[in-house]
Amino acid sequence: MRFSSSSPRPPGRLPLAGRYPAAVALSLLALSPYLILTTATALMEPRIMGDIGATAFQLQLAGGMSNAAYAFGAVAAADLVQRVARRRVYLVCEAGFVLSSVLVLAAPGAGPFTAGVVLQGLFTGMLLVAALPPLVTGHPVGRLRTTAAVISLGLFGMVAFGPLVGGLVGSLGGWRPLFAGIAALAATGLTIGALTFEGNEPPDRRAKFDRTAIPLALGTTVLPFFGVAWLTRGSFGDAAFLVPVVCGLICGVFLVGGQYRKARPLMPVRPISNTLPVVGTANAMLVGACFTSLLELTETYLIREAHCTPLRVGALLTPQIVGVFVAAVLFRKVMVTRWTPYLALSGTVSVAVAAGVLLAVSPANASVVVPFAALLLGFGAGAGVTPGLFLAGFSVPSAQIGPTFALVELLRSEAAFLVGPVLLHLALTTGLAQGFHLAVAITLVLLGAGALLLVCLYALGGARPEPPDLASWLSGSSTAYHSPALLAAVRGRWGGRAE
């Protein structure tokens, strides 16, 4: 499951095998193109709708199903890489992303456009599980700090970069050439991957298709994401919203519960059901959901209420990039120390402060308030989500980090792409001038209550800050964190240590 070893390249090996910069480039190029689009598309919507003749609902549905496909793809890949070499999965998915991008840029109507962006999400979700774990586990322990910073930049640096890209395209036109550029980036990643990504023997070629997890994961993503997309043309009381969302959440409960009880689960729910990974995962969900919500609300407010051009909106939100970069550098320093849980909490606090700042925004002061809030949002996303991801990943054996990333990304995506559209619909139906501030206030309450709950869970678990044992984790002999069970301090016993 490694890109390479650290030994000199013997004859017959791939030209770039063993080179850490190539492995980093491979992973970034696998994820960055799609993640840029997730926040760029909103500022290009009028031009896209006009060019392909799509309605607002059709475009919202395309985006929702693409996000659903991303979350589902991560779970599907966790199942697939048990039987198929990661190199093959990577090359097929990267090639598939290139072709799906070509389909989007050539789309004459809403149907091909939707098919293309959904496939982009699916392949990126699969690439997450195919490409990131080897980057984490396939290099010496001294590289782990840099790898963690790279993952933070890859996941949220590109998301923060999206509004600027979308603003440029939305103001200057040319969304089709943008997708051509995205396809070119993916093609570059495919080329580097073909020269870098070495094959591996799958863990279990005889592993059976998980007949319960995969269908439930599909229902968990597709159903609620369709429901929130319906809000573009309906209301909270519509059956087309309520039924899919409720059924999808029920599927999610059965998925997580079934994986917890299963003797050989696809995703390691039981090992990450202890204090540190639960707090980390929940923090990633909370920060991811509130970050996405505040970003969508701010973009909409600036366009519709402050009457900013897409380019100006992108420029005002650009300080996010600085915030994400600072968080990545800070995480690189603290990852090997006992301060990672505190960094994750600082991300939550930063997003909460950003929400408080946005409560004061008005069309007159937006050019001052929004950049400051964007800086805080970027730092909060980088500091809150990626450390949470690693708190979970380091609580399981290194061989299980792929399925763990898949589970955390599924839960994070579920929260992020459900809460945002709901709050945006609330703001629009209330009247954007007042509804924006109402939705931001609700987000602030969620952050405050969530942060308090997470601090209580951490304290009641009896967790003591400690640096991770990365050498043992990377060798496969132990987990990096030995987390106490949930509420262990209250129950007066230690148990349920991560296995």
**Study point:** Ring-ring centroid check Phe331 Phe390, cutoff 6.0 Å
**Key:**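 Ring-ring flag for Phe331/Phe390: true, centres closer than 6.0 Å.
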Using a 3.5 Å distance criterion without hydrogens, assess whether the side chain of [X] forms a donor-acceptor pair with backbone atoms of [Y].
X: Gln259; Y: Met267; value: yes
X: Thr39; Y: Val159; value: yes
X: Thr340; Y: Val336; value: no
X: Ser152; Y: Ala149; value: no
X: Thr300; Y: Glu296; value: yes
X: Ser66; Y: Val117; value: yes
X: Thr337; Y: Lys333; value: no
X: Asn365; Y: Ser362; value: yes
X: Ser350; Y: Leu376; value: yes
X: His437; Y: Val361; value: yes

Would you say the side-chain atoms of [X] and [Y] include a donor-acceptor pair closer than 3.5 Å?
X: Ser413; Y: Asn67; value: no
X: Gln120; Y: Tyr70; value: no
X: Glu94; Y: Tyr90; value: yes

Could you check whether any side-chain heavy atom of [X] comes within less than 4.5 Å of a side-chain heavy atom of [Y], counting everything from C-beta outward?
X: Tyr342; Y: Val334; answer: no
X: Phe379; Y: Val349; answer: no
X: Ile192; Y: Leu29; answer: yes
X: Val169; Y: Leu43; answer: no
X: Leu438; Y: Ile442; answer: yes
X: Pro421; Y: Phe225; answer: no
X: Thr443; Y: Leu447; answer: yes
X: Gln58; Y: Thr232; answer: no

Would you find more than 12 non-hydrogen atoms of other residues, nucleotides or ligands less than 6.0 Å from [X] atom [atom1]?
X: Phe241; atom1: CZ; answer: yes
X: Tyr458; atom1: OH; answer: yes
X: Phe236; atom1: CZ; answer: yes
X: Arg312; atom1: CZ; answer: no

At what distance, to the nearest 0.5 angstrom, does [atom1] of [X] lie from [atom2] of [Y]?
X: Thr147; Y: Leu132; atom1: OG1; atom2: CG; value: 9.5 Å
X: Leu122; Y: Met126; atom1: CG; atom2: CE; value: 6.0 Å
X: Leu446; Y: Thr348; atom1: CG; atom2: OG1; value: 12.5 Å
X: Thr429; Y: Leu231; atom1: OG1; atom2: CG; value: 9.0 Å
X: Arg176; Y: Asp51; atom1: CZ; atom2: CG; value: 5.5 Å
X: Ile321; Y: Leu375; atom1: CD1; atom2: CG; value: 11.5 Å

Exercise for review: Go through the steps for Leu59 and Phe113 under the test side chain to side chain contact (heavy atoms under 4.5 Å, CB included), then give the verdict.
Suggested key: CA-CA 9 Å; Leu59 212 57; Phe113 179 89; 3.6 Å; yes
Residue pair [X] / [Y]: nearest heavy atoms and the distance that separates them:
X: Pro403; Y: Pro268; value: CB-CD, 3.7 Å
X: Ala71; Y: Thr221; value: CB-CG2, 3.7 Å
X: Thr220; Y: Leu255; value: OG1-CD2, 4.2 Å
X: Ala130; Y: Val89; value: CB-CG1, 4.0 Å
X: Leu26; Y: Ala131; value: CD2-CB, 4.1 Å
X: Ala74; Y: Leu128; value: CB-CD2, 4.2 Å

Check your understanding: According to the interplanar angle, ranging from 0 to 90°, do the rings of Phe226 and Phe57 count as parallel (below 30°), tilted (30 to 60°) or perpendicular (above 60°)?
Key ->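 Aromatic pair Phe226/Phe57 classed perpendicular.
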Practice item. Mind telling me whether Trp175 and Phe179 have parallel, tilted or perpendicular rings, with 30° and 60° as the class edges? Key: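 Ring orientation, 0 to 90° scale: perpendicular.
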Review point. Given the rule in the side chain to side chain contact (heavy atoms under 4.5 Å, CB included) test, do Met335 and Phe394 qualify, once you have shown the distances and angles that lead to the verdict?
Key: CA-CA 11 Å; Met335 194 196 75; Phe394 287 157; 4.1 Å; yes
**Study point:** Trace of the side chain to side chain contact (heavy atoms under 4.5 Å, CB included) decision for Leu153 with Val324
**Key:** CA-CA 7 Å; Leu153 290 173; Val324 172; 4.1 Å; yes
Practice item. I would like to know whether Thr430 and Phe436 meet side chain to side chain contact (heavy atoms under 4.5 Å, CB included); could you show each step before the answer? Key: CA-CA 9 Å; Thr430 304; Phe436 170 81; over 6 Å; no
